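Each remark here refers to the structure printed beneath this line.
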Amino acid sequence: MKLRYAMVCSSNQNRSMESHCLLKREGFDVASYGTGQHVKLPGPSIREPNVYDFGTPYKQMFDDLRRKDVELYKRNGILPMLKRNLGVKLAPQRWQDNAADGPFDVVITFEEKVFDLVLEDLHNRNQVLLKPVLVINLEVKDNHEEAAIGGRLALILCQELDATENWEDTIDDIINNFEKQHRRKLLYSISFY
């Protein structure tokens, strides 16, 4: 069954975009979002992050950081990450502002706080379609190496979900098998559009 997927992290930069890129390459119907107030990227120090509004094009961020310190942002992987993001979509989008994008069948988050925010947002929306949406949290640290691993795991999970006729009947088995096989604990919940 072909499902519609959303990948969600905090800033729609690293974890959600790595997964979005992989799933898009494999032909999945996928979008990605962040749940934060702003898009934050590492700066020269922890106290000096680079902060952008959602909707700021990845190209603009790339050019801005290249202008500020090309060596630093190459070395810490931010420029290559933004270059990847440019090939996937125009700009980071905020989950809470996505209602017009229509319903998703499955939402995968990469941090428990993000999982909670997505569920809270779905519960606060008018649930007029009564269409179920599966929300799964796959905990992934926010660094490039872990995002690559998390992206591959998200792809495997989505392939397993797509292979079922009706995820609602088999979700417990899918989750249990995934957890055993990959030694990762998943949180999941069902909400409605």
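Here the structure is a predicted model, which is why all the values come from computation and not from measurement. Each residue takes its place number in the sequence, starting with 1. Just so it is clear, the values below take in all heavy atoms, side chains as well, and ignore hydrogens, waters and symmetry mates.
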- Query: Is there a path from Val140 to Leu186 through hydrophobic residues (I, L, V, M, F, W, Y) whose side chains come within less than 4.5 Å of each other?
  - Reply: yes

With a 4.5 Å limit on heavy-atom distance, are the side chains of Tyr193 and Pro132 in contact?
no

Check: If we only count heavy atoms from C-beta on, is the Tyr58 to Met17 side-chain gap below 4.5 Å?
Finding: yes

>> Between Thr164 (side chain only) and Leu161 (backbone N and O only), is there a donor and an acceptor less than 3.5 Å apart?
In response: yes

CZ (Arg184) and CG (Leu157) are apart, to the nearest 0.5 Å, by 12.0 Å

**Message:** Between Met7 and Phe178, is there shared hydrophobic-cluster membership here, with clusters defined by ILVMFWY side-chain heavy atoms closer than 4.5 Å?
**Reply:** yes

Test side-chain contact (heavy atoms from CB on, under 4.5 Å) on Leu119 and Ser189; report intermediate values, then the result. CA-CA 8 Å; Leu119 286 174; Ser189 183; 3.8 Å; yes

Requested in this report: Check the surroundings of atom CG in Leu130: do more than 12 heavy atoms from other residues, nucleotides or ligands lie under 6.0 Å from it?
Outcome: yes

Tightest non-hydrogen contact, residues Ala91 and Gly55, listed as CB-O, 3.5 Å

Q. If we only count heavy atoms from C-beta on, is the Leu72 to Lys74 side-chain gap below 4.5 Å?
A. no

Between Glu139 and Asn137, the two heavy atoms sitting closest are OE1-ND2, 2.9 Å

Self-check item: Salt-bridge contact Lys2-Asp105 (side-chain N to carboxylate O under 4.0 Å)
Solution: no

- Where the side chain of Tyr5 meets the backbone of Asp29, is there a donor-acceptor pair that is under 3.5 Å apart? no

Self-check item: Short N-O contact, Arg15 and Glu146, less than 4.0 angstrom
Solution: no

- Task: For Asn98 and Asp101, indicate whether the former's side chain and the latter's backbone hold a donor-acceptor pair under 3.5 Å.
- Result: no

> Would Phe62 and Leu65 show up in the same hydrophobic cluster when neighbours are defined by side-chain heavy atoms closer than 4.5 Å?
Replying inline: yes

Heavy-atom neighbours of Asp169 CG exceed 12 at 6.0 Å | yes

Checklist entry - Do Leu187 and Ile108 belong to the same hydrophobic cluster, where Ile, Leu, Val, Met, Phe, Trp and Tyr are linked whenever their side-chain heavy atoms lie under 4.5 Å apart, directly or via other members? => result no

Check: Pro103 main-chain N/O paired with Arg4 side-chain donor or acceptor under 3.5 Å:
yes

In the structure I gave you, are the side-chain heavy atoms of Thr109 and Leu138 within less than 4.5 Å of one another anywhere?
no

Determine whether Glu111 and Cys9 satisfy the following criterion, side-chain contact (heavy atoms from CB on, under 4.5 Å), listing intermediate values before the conclusion. CA-CA 7 Å; Glu111 183 178 337; Cys9 66; 5.9 Å; no

- Quick one: are Trp167 and Ile190 in side-chain contact, heavy atoms under 4.5 Å? yes

Aromatic rings Phe104 and Trp95: how do their planes relate, parallel, tilted or perpendicular, breaks at 30° and 60°? tilted

Applied to residues 76-92, the salt bridge (Lys or Arg N to Asp or Glu O under 4.0 Å) test, sequence neighbours excluded, yields Glu18-Arg84

Rounded to the nearest 0.5 angstrom, the CG-CE distance for Asn76 and Met81 is 8.5 Å

_Tell me if a side-chain donor or acceptor on Gln96 pairs with a main-chain N or O of Thr35 at a distance below 3.5 Å._
yes

*Please confirm whether the backbone N or O of Glu168 pairs with a side-chain atom of Asn166, one donor and one acceptor, at under 3.5 Å?*
yes

To the nearest 0.5 Å, atom NZ of Lys180 lies from atom CD1 of Ile175 at 12.5 Å

Distance col, row Leu90:CG vs Gln60:CD, nearest 0.5 angstrom, shows 10.0 Å

* To do: Give a yes-or-no answer on whether the side chains of Tyr33 and Asp97 include a donor-acceptor pair shorter than 3.5 Å.
  => no

Say whether Phe54 and Val88 are linked into one hydrophobic cluster, either directly or through other cluster members, by side-chain heavy-atom distances under 4.5 angstrom. yes

In the structure I gave you, are the side-chain heavy atoms of Ile171 and Tyr188 within less than 4.5 Å of one another anywhere? yes

Checklist entry - Are the side chain of Asn12 and the backbone of Gln93 linked by a donor-acceptor contact shorter than 3.5 Å? => result yes

What one should report as the nearest heavy-atom pair of Gly151 and Ser19 is CA-OG, 3.4 Å

Item to complete: Taking the side chain as every heavy atom from C-beta outward, state whether Val133 and Val107 have any pair of such atoms under 4.5 Å apart.
Response: yes

Exercise for the section: List the steps and the verdict of side chain to side chain donor-acceptor pair (under 3.5 Å) for Tyr52 and Asp64. Expected result: CA-CA 11 Å; Tyr52 301 94; Asp64 181 46; 2.6 Å; yes

d(Asp142 CG, Asn14 CG) to nearest 0.5 Å is 5.0 Å

Quiz: residues 37-45 side-chain donor-acceptor pairs under 3.5 angstrom, not counting sequence neighbours:
residue	atom	partner	partner atom	Å
His38	ND1	Asp53	OD1	3.4
Ser45	OG	Arg47	N	3.4
Ser45	OG	Glu48	N	3.4
Ser45	OG	Glu48	OE2	3.0

> Is a side-chain N or O of Asp121 found less than 3.5 angstrom from the main chain of Leu117, in a donor-acceptor match?
Replying inline: no

Electrostatic pair Arg67:Asp63 at N-O distance under 4.0 angstrom: no

- Apply the test side-chain contact (heavy atoms from CB on, under 4.5 Å) to residues Leu3 and Phe28: give CA-CA distance (whole Å), side-chain angles for both, the deciding distance (0.1 Å), then the verdict. CA-CA 8 Å; Leu3 299 172; Phe28 283 83; over 6 Å; no

_Over 12 foreign heavy atoms within 6.0 Å of NZ, Lys68_ = yes

- Answer whether the closest heavy-atom distance between the side chains of Arg66 and Met61 falls below 4.5 Å. no

task = Measure from the side-chain N and O atoms of Gln127 to the backbone N and O of Leu122, and report whether any donor-acceptor pair falls under 3.5 Å.
result = yes

Task: Pair Tyr73-Asn50, side-chain contact (heavy atoms from CB on, under 4.5 Å): steps then yes or no - done: CA-CA 11 Å; Tyr73 295 112; Asn50 291 286; 2.9 Å; yes

The reported gap from CG in Asp173 to CD in Glu160 (rounded to nearest 0.5 angstrom) is 11.0 Å

Where the side chain of Lys185 meets the backbone of Glu179, is there a donor-acceptor pair that is under 3.5 Å apart? no

